[in-house]
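Structure first, commentary second.
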2 protein chains.
Amino acid sequence: MLSKKCKYAIHALVHMARDPEEKFLIKDISEACNIPKKFLEAILLDLKRSGVLGSKQGKGGGYFLRMKPADVNLAEVVRQFDGAIALVSCAAHKFYEPCAECEDEETCTVHDAFLQIRNATVEMLKADTLESLVKKETKLKARKKR
Amino acid sequence: MLSKKCKYAIHALVHMARDPEEKFLIKDISEACNIPKKFLEAILLDLKRSGVLGSKQGKGGGYFLRMKPADVNLAEVVRQFDGAIALVSCAAHKFYEPCAECEDEETCTVHDAFLQIRNATVEMLKADTLESLVKKETKLKARKKR
DNA sequence: TTATAACTCTATTAGTTCAATAGGGATTAA
DNA sequence: TTAATCCCTATTGAACTAATAGAGTTATAA
């Protein structure tokens with residue numbers, strides 16, 4: 001399971017991607033997404049440090065998207081906050097670590113099984129950009145109205 | 001990521017499935033799979049309680065597979081030890097819990113994205129039975145020799 | 001220039017989970 | 001009756017999670 005921090009980050013980003021040019025106050029995002037304000041504060045700061053968000057201090061300031069919604073995908077967000085996407089470390093790429101149980105990865109079918117799952121998951125997470133998520137949301141909401 | 005407990009369980013089961021009729025000592029599995037003996041003890045007990053393994057006490061005793069290798073899949077093992085397979089609780093089936101951030105699941109694309117990932121993951125985990133894993137292992141080992 | 005709005009940063013807390021171990025108890029075979 | 005083996009409860013220390021506290025910094029605008 002994702003940490004709450006990661007889930008909060010995703011929801012905050014999607015919220016901001018609905019108005020990609022807008023500048024947002026921590027307080028407003030916090031209320032719109034039901035995220036504890038102080039906790040969100042730390043999250044947005046992390047996202048700023050990693051270059052996804054920009055910010056302006058002082059009165060009239062706020063956070064804004066620095067990257068284009070099409071260029072931010074969930075795989076990166078998950079990795080930033082929760083590390084490896086794979087279910088076992090020996091099947092991870094960016095956070096790879098060998099495991100003691102399967103001595104020979106080449107013939108370890110447990111490794112193999114989880115590698116397949118990792119690959120499929122990463123592929124799907126990469127396809128989920130802020131842009132695609134917001135677009136789909138618009139569609140779903142329109143369909144529901146009808 | 002899976003807990004070590006879960007990963008240990010999977011490796012122990014695969015080990016036993018290589019000789020589905022055999023009776024195994026905790027000590028032997030522990031050494032074969034590099035799993036701390038006392039920890040493994042608790043794991044095997046859990047697997048016995050859930051009906052996957054059987055055991056015989058006393059001298060000459062040991063653990064053995066109660067279910068057929070083809071009938072034990074990784075989805076069940078993961079659920080037994082780590083709970084939900086989904087990355088967010090609102091996308092889980094057996095461990096479903098609503099989340100505060102997406103108020104309307106029907107139109108929440110975050111929910112939608114993680115539901116797709118969950119479905120694909122479950123499908124793959126279900127296809128990974130002890131039997132299929134051992135069969136594949138045999139193939140991989142034969143191919144490597146050549 | 002000063003009040004205020006807003007982000008920045010470090011530290012701390014309580015609670016939980018994880019991984020592993022300890023130390024017997026119960027059961028069976030020889 | 002003894003040794004082998006599984007059974008069971010409890011405990012530990014470390015790490016992580018979620019959330020909060022509180023003071024610091026920066027920018028705006030009256």
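Please read these numbers as outputs of a predicted model, since none were measured by experiment. Per chain, numbering begins at 1; letters A, B, ... match sequence-line order.
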Quiz item: Below 3.5 Å, does any donor atom in the side chain of B:E41 face an acceptor in the base of D:dC6, or the other way round?
Solution: no
Quiz item: Under 4.0 angstrom, heavy atoms only, what part of the nucleic acid is A:K5 near: base, sugar-phosphate, or nothing?
Solution: sugar-phosphate
Exercise. Take A:I29 and A:L40 through the side chain to side chain contact (heavy atoms under 4.5 Å, CB included) test and state the conclusion after the steps.
Key: CA-CA 8 Å; A:I29 303 176; A:L40 178 61; 3.7 Å; yes
Practice problem: Return the value, rounded to whole Å, for the distance between atom NZ of B:K27 and atom P of D:dA4. | Solution: 11 Å
Check the interface with nucleotides 3-6 of chain C: list each N/O to N/O pair with the protein under 3.5 Å, or write none.
{"from": "C:dA5", "atom 1": "N3", "to": "A:K59", "atom 2": "N", "distance (Å)": "3.3"}

Exercise. Let me know the distance between CG of A:L40 and P of D:dT17, rounded to the nearest Å.
Key: 18 Å
Quiz item: Once you round it to whole Å, what is the distance between P of C:dA29 and NZ of B:K23?
Solution: 9 Å
Practice problem: Determine whether A:L13 and A:L133 make a side-chain contact, defined as any pair of heavy atoms from C-beta on separated by less than 4.5 Å. | Solution: no
Practice problem: Would you kindly give the CE-to-C1' distance between B:M1 and C:dA19, to the nearest whole Å? | Solution: 14 Å
Exercise. Would you mind telling me which of B:V72, B:L65, B:D71 makes a side-chain contact (heavy atoms from CB on, under 4.5 Å) with B:K68?
Key: B:D71
Practice problem: To the nearest Å, give me how far apart CZ (A:F39) and C1' (C:dC9) are. | Solution: 16 Å
Quiz item: Going by an N to O cut-off under 4.0 Å, is there a salt bridge joining B:K38 and B:E41?
Solution: yes
Quiz item: Does OP1 or OP2 of C:dT8 have a side-chain N or O of A:R49 closer than 4.0 Å?
Solution: no
Quiz item: When all nucleic acid strands are considered with a 4.0 Å heavy-atom cut-off, which category describes B:K48: base, sugar-phosphate, or nothing?
Solution: sugar-phosphate
Exercise. Would you indicate whether the side-chain heavy atoms of B:M1 and B:K7 approach each other to under 4.5 Å?
Key: no
Exercise. Say whether B:N73 and B:E76, considering side chains only, have a donor N or O and an acceptor N or O under 3.5 Å apart.
Key: yes
Quiz item: Could you state the NZ-C1' distance from B:K7 to C:dA20, rounded to the nearest angstrom?
Solution: 16 Å
Quiz item: Contact class for B:Y8 (heavy atom, under 4.0 Å): base, sugar-phosphate, or nothing?
Solution: sugar-phosphate
Quiz item: Between A:S55 and C:dT8, is there a side-chain N or O to OP1/OP2 distance below 4.0 Å?
Solution: yes
Quiz item: C:dA19 C1' sits how many Å from B:F81 CZ, rounded?
Solution: 14 Å
Exercise. Provide, to the nearest angstrom, the distance between the NZ atom belonging to A:K4 and the P atom belonging to C:dT16.
Key: 13 Å
Practice problem: Considering non-hydrogen atoms only, spot the tightest contact between B:G61 and B:L25 and give its length. | Solution: O-CD2, 3.3 Å
